[in-house]
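Encoded as structure tokens, the structure appears first; notes follow it.
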Amino acid sequence: MHRRFARSFAFAQDDNCMASEIRVRFAPSPTGYLHIGGARTALFNWLFTRHHGGKFVLRIEDTDRTRNIEEAMAAICDGLQWLGLNWDEGPHIGGDFGPYLQSERTELYESYLKKLQDGGHIFEDQGALRFRSPREHVIVDDLVCGKIDFDLSNEQTHPDMTIRRPDGSWIFHFVNVIDDMEMKISHVIRGEDHLSNTPKHIEIFRALGAMPPHYAHIPLILNKDGSKMSKRDEGASVEYYIKRGYLPAAVRNYLCLLGWSPKDNREKINIEEIIRLFDLNNVGRSQATFDPDKLHWLNGEYARELSDSEFYALALTKLKSSGVKIDNYPEQYIQSALQTCKGKINTFDKLLAYCGFYFTDDFDYNPEGVAKHFTAENKPRLKAVRDAFSALQSFDAAEIETTLKTTAANLGVKVGAIVHPTRLAVSGSNIGPSLYHLLEVLGKEKVLARIDRALSKFF
RNA sequence: GGCGCGUUCGUCUAGUGGCUAGGACACAGCCCUCUCAAGGCUGGUGCACGGGUUCGACUCCCGUACGCGCUGCCA
């Protein structure tokens with residue numbers, strides 16, 4: 001009830017000031033990696049502006065004076081770009097409200113500090129500067145959480161916040177507010193961990209005589225075990241998915257589904273459609289657990305939808321980065337080899353294990369497969385396959401299929417009985433691409449050699 | 001401890017007083033099949049608990065429990 005009222009109220013305000021542009025920001029600190037939760041926050045900000053037609057600002061909150069800011073910032077920018085979350089203002093591209101690194105905005109903070117001091121809002125405490133709270137109730141009218149009444153009247157439970165350290169460096173609460181004000185941010189969309197900070201931020205806006213922006217606090221993303229996803233957790237950074245060969249569109253789609261839903265049972269939705277449907281009033285309020293399995297499935301959905309050339313390009317890149325000596329093989333060979341893998345793997349990090357046998361003769365044989373298929377009774381069968389193959393003129397998938405089937409019939413066994421030993425002999429694995437096509441790609445010579453090798457090695 | 005937020009299958013969610021509580025991932029079985037995928041079919045598990053309000057609560061109110069967040073001279 002409260003929530004709905006709060007929302008209509010907030011949007012009524014928007015309607016009254018149509019002139020003011022919608023401006024949102026993503027304001028990470030340069031930790032050196034893009035957290036998956038941060039990426040989702042950035043994504044929701046981005047979706048919100050793309051839906052309403054506003055500006056998406058990237059601001060780096062580097063008040064901590066870390067070294068290697070360039071490097072740490074690059075990880076974040078790369079992650080955002082990989083996800084397709086382009087910013088309209090910020091590092092690299094500038095804008096009318098820069099600079100976009102807090103470390104370069106000190107004079108601005110000084111001047112606002114002066115204003116606050118002149119207004120009697122600041123006092124010194126052992127060399128640090130604190131903001132004196134007016135000690136009132138502050139109502140946060142949140143677009144996702146509804147109206148929340150915070151009672152800040154008790155100094156014991158809500159001490160005056162520090163805004164500047166004795167060494168002159170700034171505290172997040174202060175610079176964050178100043179920047180949102182100066183950059184004319186209209187909607188602050190951020191993680192729910194900031195909800196309790198919001199009344200304090202509003203106090204600063206008021207002390208400066210400014211209107212606070214609209215707030216929207218989105219639920220946090222948790223680990224499988226219910227704990228907060230932290231840097232140490234596997235899969236907590238976007239980079240992890242880049243390295244594993246996930247598709248950005250799939251990761252982005254998955255992230256959208258955490259705390260937001262199209263409400264019509266669709267899971268795989270293209271980004272244009274999401275932009276069309278997305279709004280703050282259909283963002284959920286409860287925390288979501290990150291489910292790697294579902295992401296993996298969704299990635300497979302996207303992977304299967306890739307065109308042949310897209311798949312080939314991505315697969316080739318992956319093979320090269322995996323150290324496969326690709327130059328030793330003709331392009332046509334590589335192409336047909338990779339084509340047999342299309343639609344079979346959900347993520348590209350599985351590619352090498354799936355098709356490595358195409359690019360080396362020196363592969364391992366799966367032990368369970370050996371125990372199961374390289375049996376005494378299968379020896380004559382594998383020999384029969386070998387002989388049948390050697391008699392073939394054209395070694396194409398159709399011929400191979402026919403040959404295997406007639407061979408099986410002659411032996412009085414099901415085709416599976418000879419398929420498995422053959423696959424194992426030529427690829428070392430009991431899973432893989434379609435055997436008929438795989439054999440065609442490998443070519444008669446290699447196939448016969450590998451069968452011979454298996455025959456002499458295991459029987 | 002105080003303050004705040006949350007709680008529908010294991011997980012993500014749909015659901016705004018009357019539904020056999022729907023979908024998806026995962027899981028199990030079956031079908032298809034040269035393996036693996038994919039696809040098809042079937043199955044199981046869910047409204048945290050206790051009070052109200054109401055003719056009737058998953059849905060509204062209160063409390064409890066649990067989870068998470070904030071409570072920093074971190075962001």
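Each chain gets a letter, A, B and so on, in the order the sequences are listed, and its residues count up from 1.
The existence of a salt bridge linking Asp291(A) and Lys224(A) is confirmed by a sub-4.0 Å separation between a basic side-chain nitrogen and an acidic carboxylate oxygen. Of the charged side-chain nitrogens involved, at least one lies within less than 4.0 Å of a carboxylate oxygen, so that Lys268(A) and Glu305(A) count as a salt-bridged pair. In summary, Asp167(A) and Arg165(A) do not engage in a salt bridge, as defined by a charged side-chain N under 4.0 Å from a carboxylate O.
The separation between Asp167(A) atom CG and C74(B) atom P is 9 Å, rounded to whole Å.
The local environment of CD in Glu399(A) is crowded, with over 12 non-hydrogen atoms from other residues, nucleotides or ligands closer than 6.0 Å. No more than 12 heavy atoms of other residues, nucleotides or ligands sit less than 6.0 Å from atom CD of Glu71(A).
The partner of A75(B), taking Watson-Crick or G-U wobble pairs whose two distances both stay under 3.5 Å, does not exist in any strand shown. Under the Watson-Crick or G-U wobble criterion, with both distances below 3.5 Å, U16(B) has no partner in any strand shown. Pair check for A38(B) finds none; no Watson-Crick or G-U wobble contact set falls under 3.5 Å. Using Watson-Crick or G-U wobble geometry with both donor-acceptor distances under 3.5 Å, A24(B) finds its partner in U11(B). Searching all strands for a Watson-Crick or G-U wobble partner of U53(B) with both distances below 3.5 Å returns nothing. Within the shown strands, G6(B) is the pairing partner of C66(B) under the Watson-Crick or G-U definition, both distances less than 3.5 Å. Across every strand in view, U59(B) sits unpaired, with no contact that passes the Watson-Crick or G-U test at under 3.5 angstrom. Of the nucleotides present, none pairs with G44(B) by Watson-Crick or G-U wobble criteria with both distances under 3.5 Å.
Residues Tyr436(A) and Pro159(A) both approach RNA chain B. Their nearest nucleotides, taken by heavy-atom distance, put Tyr436(A) toward the 5′ side. Between Val419(A) and Asp293(A), the one whose closest nucleotide on RNA chain B sits nearer the 5' end is Asp293(A).
Note on Arg423(A): every side-chain N or O is 4.0 Å or more away from OP1 and OP2 of U35(B).
Non-hydrogen atoms lying under 4.0 Å from RNA chain B are contributed by Ser261(A), Lys263(A), Asn265(A), Glu267(A), all within residues 260-268 of chain A.
The same atom, P, is picked in G46(B) and in C68(B); the two are 24 Å apart, to the nearest Å. For the C1' atoms, the distance linking A57(B) with G52(B) amounts to 12 Å, nearest Å. Comparing C61(B) with G69(B), their P atoms sit 26 Å apart, to the nearest whole Å. Distance noted for atom C1' between C70(B) and C27(B): 38 Å (whole Å). Rounded to whole Å, the P atom of G67(B) lies 29 Å from the corresponding atom of C74(B). Between the P atoms of C9(B) and C36(B), the separation comes to 33 Å (whole Å). Distance noted for atom C1' between U54(B) and C62(B): 16 Å (whole Å). Rounded to the nearest Å, the gap between the P atom of G43(B) and that of C55(B) is 38 Å.
The base of G69(B) sits with one of its N or O atoms less than 3.5 Å from a complementary donor or acceptor on the side chain of Ser196(A). Judged by distance alone, with hydrogens and angles left aside, Tyr254(A) brings no side-chain donor or acceptor close enough to the base of C12(B) to form a pair under 3.5 Å. Between the base of U71(B) and the side chain of Lys200(A) there is no donor-acceptor pair shorter than 3.5 Å.
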Derivation and outcome, ring-ring contact (aromatic ring centres under 6.0 Å, His included), residues His173(A) and His201(A): CA-CA 7 Å; His173(A) 300 293; His201(A) 296 179; 5.1 Å; yes
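The side-chain contact (heavy atoms from CB on, under 4.5 Å) with Trp260(A) is formed by just one residue from the set Leu255(A), Leu277(A), Ile218(A), Leu47(A); it is Leu277(A). Leu258(A) pairs in a side-chain contact (heavy atoms from CB on, under 4.5 Å) with only one of the listed residues (Ile221(A), Thr289(A), Leu222(A)), which is Ile221(A).
For residues 416-435 of chain A, the pairs satisfying ring pair (Phe, Tyr, Trp, His ring centres under 6.0 Å) are His373(A)-His420(A), with sequence neighbours left out.
The two residues Ile269(A) and Pro262(A) come nearest to each other via the heavy atoms CD1-CG, 3.3 Å.
Tyr215(A) has its side chain out of reach of Leu195(A): every pair of non-hydrogen atoms, C-beta onward, lies at least 4.5 Å apart.
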Just by protein heavy atoms under 4.0 Å, how would nucleotides 41-46 of chain B read 5' to 3' in B, S and -? ------
